[in-house]
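These notes are about the structure you will find just below.
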Amino acid sequence: MLYVPGNKRDWMEKAESYGADALVVDLEDSVPKSGKHEARENVIDFIARGNRKTDLFVRINALDSGEALPDLEAVVRPGLTGLIVPKVGGPEDIYFLARFVGWLEESAGLEYGSVLLSPILETAEGIRQAYAIDAAPDRVAYMGGIGVRGGG
């Protein structure tokens, strides 16, 4: 998976040529708060172009950040393969997200369940609840975690 900042339109355009299995457009850490709106607009345009050679994921902002819902409303549309969801704390995050994404899929004319979820475990609580998170709705396609020295 090749990560590309959502506020770098030219990088997004070049990214597919590098041969990654999937492209992840990042709306979270690599985008400064002042650039969130512009990054969402870039991602909307990028998804709309379609004809991808690779699967397209978007890493949204954390559910408790105040930025996740605008991210979701912007990116859940035809052409999106899935969402990378940072800082998942428990299965309730995935159940909430699955329901909300389901509503957005319906609004966008997508089949329910077509947008995959990939939770990232970045807290001790998230790692403690890994099994329950993975057992949440069938949308969970892959789950990863952060396990580095000094990591949360």
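Values reported hereafter were calculated over all heavy atoms of this structure, with side chains retained and with hydrogens, waters and symmetry mates removed.
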Notebook entry, point to check: Which heavy-atom pair separates Ala62 from Pro86 by the least distance, and what is that distance?
Noted result: N-CG, 3.7 Å
Notebook entry, point to check: For the residue pair Ser17 and Lys14, what are the closest heavy atoms and their distance?
Noted result: OG-O, 2.6 Å
Notebook entry, point to check: What do you reckon, is CG of Asp21 surrounded by more than 12 foreign heavy atoms closer than 6.0 Å?
Noted result: no
Notebook entry, point to check: When hydrophobic residues are tied together by side-chain contacts of less than 4.5 Å, even through go-betweens, does Val76 share a cluster with Leu69?
Noted result: yes
Next item on the list: Check whether any side-chain heavy atom of Asp55 lies under 4.5 Å from a side-chain heavy atom of Leu23, and answer yes or no.
Entry: no
Next item on the list: Could you walk me through whether Glu122 and Ile127 pass side-chain contact (heavy atoms from CB on, under 4.5 Å), step by step?
Entry: CA-CA 7 Å; Glu122 300 179 62; Ile127 291 170; over 6 Å; no
Item checked: Pair Asn61, Lys36: side-chain N/O donor-acceptor within cut-off below 3.5 Å -> yes
Check: Linking I/L/V/M/F/W/Y whenever their side-chain heavy atoms sit closer than 4.5 Å, directly or via other members, would Ile44 and Leu83 fall into one cluster?
Finding: no
Next item on the list: Side-chain contact test, heavy atoms from C-beta onward, threshold under 4.5 Å: evaluate it for Val88 versus Leu63 and give yes or no.
Entry: no
Margin query: Would you compute the distance between atom OH of Tyr142 and atom CG of Leu117 and round it to the nearest 0.5 angstrom?
Written below: 14.5 Å
Margin query: I'd like to check Leu104 versus Leu72 (side-chain heavy atoms, cut-off strictly below 4.5 Å). Are they in contact?
Written below: yes
Item checked: Residue pair Glu41, Phe46: steps toward the side-chain contact (heavy atoms from CB on, under 4.5 Å) verdict -> CA-CA 9 Å; Glu41 294 298 318; Phe46 190 66; over 6 Å; no
Next item on the list: For residues Val115 and Gly82, report the shortest heavy-atom separation together with the two atoms involved.
Entry: CG1-CA, 3.9 Å
Check: In the single-linkage hydrophobic clustering (I, L, V, M, F, W, Y; side-chain heavy atoms under 4.5 Å), do Ile60 and Leu116 co-cluster?
Finding: no
Next item on the list: Give a yes or no on whether a salt bridge exists between Glu13 and Arg49, defined as a side-chain N under 4.0 angstrom from a carboxylate O.
Entry: yes
Item checked: Ile133 to Pro91 - nearest heavy-atom pair and separation -> CG1-N, 3.6 Å
Note to self: Do Val101 and Phe96 sit in one hydrophobic cluster, given that two such residues count as connected whenever their side-chain heavy atoms are within less than 4.5 Å of each other, even indirectly?
What the structure shows: yes
Item checked: Nearest atoms (heavy-atom pairs only) where Glu73 meets Arg77 -> O-NH2, 4.1 Å
Margin query: I'd like to check Thr81 versus Ser114 (side-chain heavy atoms, cut-off strictly below 4.5 Å). Are they in contact?
Written below: no
Next item on the list: Enumerate the residue pairs fulfilling salt bridge (Lys or Arg N to Asp or Glu O under 4.0 Å) with a member in residues 93-110, sequence neighbours excluded, ordered by first and then second residue.
Entry: Glu105-Arg139
With a 3.5 Å cut-off and sequence neighbours excluded, list the donor-acceptor pairs that the side chains of residues 24-31 form with protein atoms.
residue: Asp26; atom: OD1; partner: Glu28; partner atom: N; Å: 2.8
residue: Asp26; atom: OD1; partner: Arg59; partner atom: NE; Å: 2.7
residue: Asp26; atom: OD1; partner: Arg59; partner atom: NH2; Å: 3.3
residue: Asp26; atom: OD2; partner: Ser30; partner atom: N; Å: 3.1
residue: Asp26; atom: OD2; partner: Ser30; partner atom: OG; Å: 2.7
residue: Asp26; atom: OD2; partner: Arg59; partner atom: NH2; Å: 2.8
residue: Glu28; atom: OE1; partner: Arg59; partner atom: NE; Å: 3.4
residue: Glu28; atom: OE1; partner: Arg59; partner atom: NH1; Å: 3.4
residue: Glu28; atom: OE2; partner: Lys87; partner atom: NZ; Å: 2.6

Notebook entry, point to check: Hey, any chance Leu56 and Tyr18 share a hydrophobic cluster, counting ILVMFWY side chains that come within less than 4.5 Å of each other, even indirectly?
Noted result: yes
Notebook entry, point to check: Could Glu67 and Lys33 be called an ion pair, given the rule that one side-chain N must be under 4.0 Å from one carboxylate O?
Noted result: yes
Margin query: I need the Met12 CE to Asn7 CG distance, nearest 0.5 Å.
Written below: 9.5 Å
Next item on the list: Please answer whether the main-chain N or O of Trp103 pairs with a side-chain N or O of Ser107 as donor and acceptor at a distance below 3.5 Å.
Entry: yes
Check: Closest heavy-atom contact between Val140 and Pro119?
Finding: CG1-CD, 3.8 Å
Margin query: Determine whether Arg40 and Asn42 satisfy the following criterion, side-chain contact (heavy atoms from CB on, under 4.5 Å), listing intermediate values before the conclusion.
Written below: CA-CA 5 Å; Arg40 285 186 200 106; Asn42 288 345; over 6 Å; no
Item checked: Side-chain donor or acceptor of Ser118 paired with backbone N/O of Ile84 under 3.5 Å -> no
